[in-house]
Every structure is written in C-alpha cells, then in structure tokens.
Undergrad: 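Sending over a structure as structure tokens; questions will come in a sec.
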Amino acid sequence: MALSDHSEQKFNDWRTGKANMPATTTRYFAAFTVSPGDSNGGTEVSGNGYARVAVTTSLPSASGAGGTVTSSADISFPAASGGNWGAIVSIGSFDASTAGNLIEYKDGSYGTINNGNQLTIPSGSAVFTAD
Amino acid sequence: MNYYTPGKRIGIAFSIVDNDGDVADADSLQVIIRNPDNTLDAPVILPTPGQFVTTVDGYLFVYDTTNKPNGVYGYRIEAIGDGQEAYEGEFHINKSDISPIKRYVSVEFDATTSLQLEVV
C-alpha cells in the first residue's frame, strides 16, 4: 500500500464517520530520487528545469466495479535542462504544485533522467487501483 | 522572422548609435524575451556573462533555445542609461522531433486496503 500517512488518516476518518474526505483539488505528480515513504520524506527532484506536473485533466473519473482509473493522455514532466535529475526511484501525487500534502506514491525503477531527457508517462500507463 | 530548432544558441546582433549614426556605448542595456505564451522573462541586463558579447559593431545577445517550447518569441533590446534606443523583433522556434529524449515509464498506484476486525 502506497498511501501516505496523510491519506491514510483522512481515509480512516472518512470510513469511521469522523470527517468527510478533503475537498477535490488538482493533483500533481512528483518525481523522487529518494522515496518519500508514507511520511513524505525522501528527496524530490529540484532544479534543472524540474516542476511537478498537473494531471487532473489526464485522469478520467473512476468507473466499473474495481474503480480503476487509467490515464487518458500523456503525462510529461518538463525536460531536464541545465543538468541531470538522476535516478528516479519513486513517483508521487500531491495536492499542490509545491509543498502540499503527499497523497500517495509508488516506488519503482523509473530510469535515469539526464540533461535533455523528459520523464513521460504515456497515455494509459498511469493506473490507479483499489480493492 | 528567423526559424530555429531547440538546442541552438541564437545570436541577436545589435548596436546603439548616437545622433550622428556612429556606434556608441550605452550606459546600460537590457533584453526582454517574450515567450510563446506571452509571458515575459526577467530582463537580462548588460553585462551578464554568457549572454552578451561585445563586438566591433556593437553587441551580440546570445539566447539558448535548449528545451524551449516551440512557437513565436519576441524580443526587445533597449538602452536604459543615457543612450535611449530600443529595437524589437521576433523569431520562431520549431518543434523538435528528436529533442528532448523522452523516457517513458508506467506507474500503478495501488490503494489496496481491508477492514480488519478482531473477534476476542
């Protein structure tokens, strides 16, 4: 499970009838060179052209029994410029373009982004599942 | 309007002249770039190493197009000291089919959870 502490707390407050889920906001994907973990630590890429990328318009509403959401457009970070980003080991989702709350993250091997490279998640390749 | 491909360094040559038409030094110069989305970059003020080159005919402003989005760019070169002169123009950056090199990945966010009740 890769929900953050923030999301786990909100989810459990909702499922136990204590509070509504937080209001809908734009979601922003972030790239990490050190996994943030549940507590939103780690090391997010910074500098060399990096910025979080808004993904709301790339994600349709959930449907079907499993509620799976699959991205419907390419999700592209800005191209690295002026230097390397390094090896990307985790991709996370935030509720703000800077700072904000980590919603969830997924560790993995996302390759090394060098100067001039552009980290891209093709349409259909960002999948949200729940069970 | 000139056309360029991302990755090239553009040189914009210009000079400041006095009332007699002779090349003159301006006390201070700045260049402002207008991006395709109509936002303005912060003025680049002479001297900024790597961006201004002094030539026998005046100056050369160097603009690096690496990873710049395609579209029509505008520029304004203006003297902001005793010399008062300005020049504006446009150039076009074509979309590159090669650069940047895209690194494709996939990601699955799995929020699997379960309600655990313990019978005691």
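Just so it is clear, the values below take in all heavy atoms, side chains as well, and ignore hydrogens, waters and symmetry mates. To find a chain, count down the sequence lines: A is the first, B the second, and so on, and within it residues start at 1.
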Undergrad: Which bit of A:I113 is near chain B, if near means a heavy-atom gap under 4.5 Å: side chain, backbone, both or neither?
TA: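 When you check distances to chain B, only side chain atoms of A:I113 fall under 4.5 Å.
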
Undergrad: Any link between B:F91 and B:I32 through a network of hydrophobic side chains (Ile, Leu, Val, Met, Phe, Trp, Tyr) touching at under 4.5 Å?
TA: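 No, separate clusters.
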
Undergrad: Report, as yes or no, whether the 6.0 Å neighbourhood of atom CG on B:D37 holds more than 12 heavy atoms from other residues, nucleotides or ligands.
TA: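 Atom CG in B:D37 is packed in, count exceeds 12.
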
Undergrad: Any link between A:I75 and A:V89 through a network of hydrophobic side chains (Ile, Leu, Val, Met, Phe, Trp, Tyr) touching at under 4.5 Å?
TA: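 No, it is not one cluster - the side chains of A:I75 and A:V89 are not joined through contacts under 4.5 Å.
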
Undergrad: Search all heavy atoms of A:K106 against all heavy atoms of B:V107 and return the closest pair with its distance.
TA: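 A:K106 and B:V107 have their closest heavy atoms at CB-CG2, 3.6 Å.
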
Undergrad: Atom CG in A:N114, atom CZ in B:R103: separation rounded to 0.5 Å?
TA: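 Answer rounded to 0.5 Å: 7.0 Å.
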
Undergrad: Which answer fits A:T68, side chain, backbone, both or neither, if we ask what part of it has an atom under 4.5 Å from a heavy atom of chain B?
TA: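 Contact with chain B is absent: no heavy atom of A:T68 under 4.5 Å.
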
Undergrad: Applying side chain to side chain contact (heavy atoms under 4.5 Å, CB included) between B:F109 and each of A:I103, A:V69, A:T129, A:I91, report the one that passes.
TA: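 By the side chain to side chain contact (heavy atoms under 4.5 Å, CB included) criterion, B:F109 pairs with just one of A:I103, A:V69, A:T129, A:I91: A:I91.
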
Undergrad: Can the ring centroids of A:Y110 and B:Y104 be said to lie less than 6.0 angstrom from one another?
TA: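 No, they do not, as the ring centres are separated by 6.0 Å or more.
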
Undergrad: Side chain, backbone, both or neither: which part of A:F77 has an atom under 4.5 Å from a heavy atom of chain B?
TA: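 Neither part; nothing is under 4.5 Å.
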
Undergrad: Tell me, do B:V105 and A:I88 make a side-chain contact under 4.5 Å, heavy atoms counted?
TA: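 No, side chains not in contact.
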
Undergrad: I'd like to know if B:Y73 and B:I77 are part of one continuous hydrophobic network [Ile/Leu/Val/Met/Phe/Trp/Tyr, side-chain heavy atoms within less than 4.5 Å].
TA: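 Yes, same cluster.
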
